[in-house]
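A quick write-up on the structure given underneath.
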Amino acid sequence: MQPREPSRDVGAPVSAPQEPVRTCVGCRGRGSRTVLVRVACVDGRAVVDESRRLPGRGAWLHPDPTCLALALKRKAIPRALRVADLDVAGLEVG
């Protein structure tokens with residue numbers, strides 16, 4: 001007896017690989033990594049991670065001052081980074 005071949009949907013279209021989707025901590029809108037800006041914690045300060053390679057957790061924001069204002073009002077950046085005492089004073093996006 002031959003092993004069964006996994007069933008395949010012959011009519012299904014083959015799609016291109018999808019880019020990861022992130023959520024903006026300000027407006028809660030969704031977007032790709034290329035659209036959003038990553039914020040990371042470095043020495044207790046929130047900094048924009050332009051290379052998207054800094055170690056640790058990251059928070060994603062649209063490059064829009066209103067999204068930053070919403071995130072600061074909701075205290076979403078420290079919560080997303082899981083840091084209790086975070087300096088966000090020098091943070092600018094856009």
Side-chain angles (χ1 to χ4, degrees):
M1 184 175 222
Q2 294 180 351
R4 287 182 41 191
E5 197 172 309
S7 63
R8 296 183 186 169
D9 187 6
V10 178
V14 177
S15 61
Q18 294 180 344
E19 188 170 305
V21 176
R22 304 288 187 245
T23 302
C24 174
V25 295
C27 69
R28 305 295 295 161
R30 295 173 58 132
S32 65
R33 287 191 313 188
T34 57
V35 174
L36 298 173
V37 176
R38 185 174 187 261
V39 177
C41 178
V42 176
D43 297 326
R45 294 183 309 119
V47 295
V48 174
D49 182 9
E50 294 178 11
S51 65
R52 298 181 179 102
R53 298 273 187 246
L54 287 176
R57 298 185 63 84
W60 296 84
L61 280 169
H62 284 109
D64 183 8
T66 53
C67 283
L68 176 60
L70 279 170
L72 294 175
K73 180 180 176 184
R74 295 177 44 228
K75 299 178 183 167
I77 296 173
R79 184 171 48 249
L81 298 177
R82 296 185 183 173
V83 177
D85 189 26
L86 183 67
D87 180 17
V88 293
L91 189 61
E92 292 182 16
V93 295

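If you're wondering where the values come from, they're calculated on a predicted model, not measured in any experiment.
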Side-chain polar contacts of residues 57-71 - donor-acceptor pairs under 3.5 angstrom, sequence neighbours left out - could you list them?
from : atom 1 : to  : atom 2 : distance (Å)
R57  : NE     : A80 : O      : 3.1
D64  : OD1    : T66 : N      : 3.4
D64  : OD1    : T66 : OG1    : 3.3
D64  : OD2    : T66 : OG1    : 2.7

Listed pairs under 3.5 Å, donor-acceptor, residues 46-54 side chains, sequence neighbours left out:
from : atom 1 : to  : atom 2 : distance (Å)
D49  : OD1    : S51 : OG     : 3.2
D49  : OD1    : R52 : N      : 3.1
D49  : OD1    : R53 : N      : 3.3
D49  : OD2    : R38 : NH1    : 2.5
D49  : OD2    : R53 : N      : 3.0
D49  : OD2    : L54 : N      : 3.0
S51  : OG     : R53 : N      : 3.4
R52  : NE     : R33 : O      : 3.2
R52  : NH2    : R33 : O      : 2.9
R52  : NH2    : L36 : O      : 3.2

Review point. Does CZ belonging to R74 count more than 12 external heavy atoms closer than 6.0 Å?
Key: yes
Exercise for review: Report the residues that fulfil side chain to side chain contact (heavy atoms under 4.5 Å, CB included) with P55, sequence neighbours left out, ordered by chain and then residue number.
Suggested key: none
Could you pull out all donor-acceptor pairs under 3.5 Å where a side-chain atom in residues 83-92 meets a protein atom, sequence neighbours excluded?
from : atom 1 : to  : atom 2 : distance (Å)
D87  : OD1    : A89 : N      : 3.1

Review point. For R45, does the CZ atom sit with more than 12 other heavy atoms under 6.0 Å from it, leaving out its own atoms?
Key: no
Identify all side-chain donor-acceptor contacts of residues 22-29 below 3.5 Å with residues at least two apart in sequence or on another chain.
none

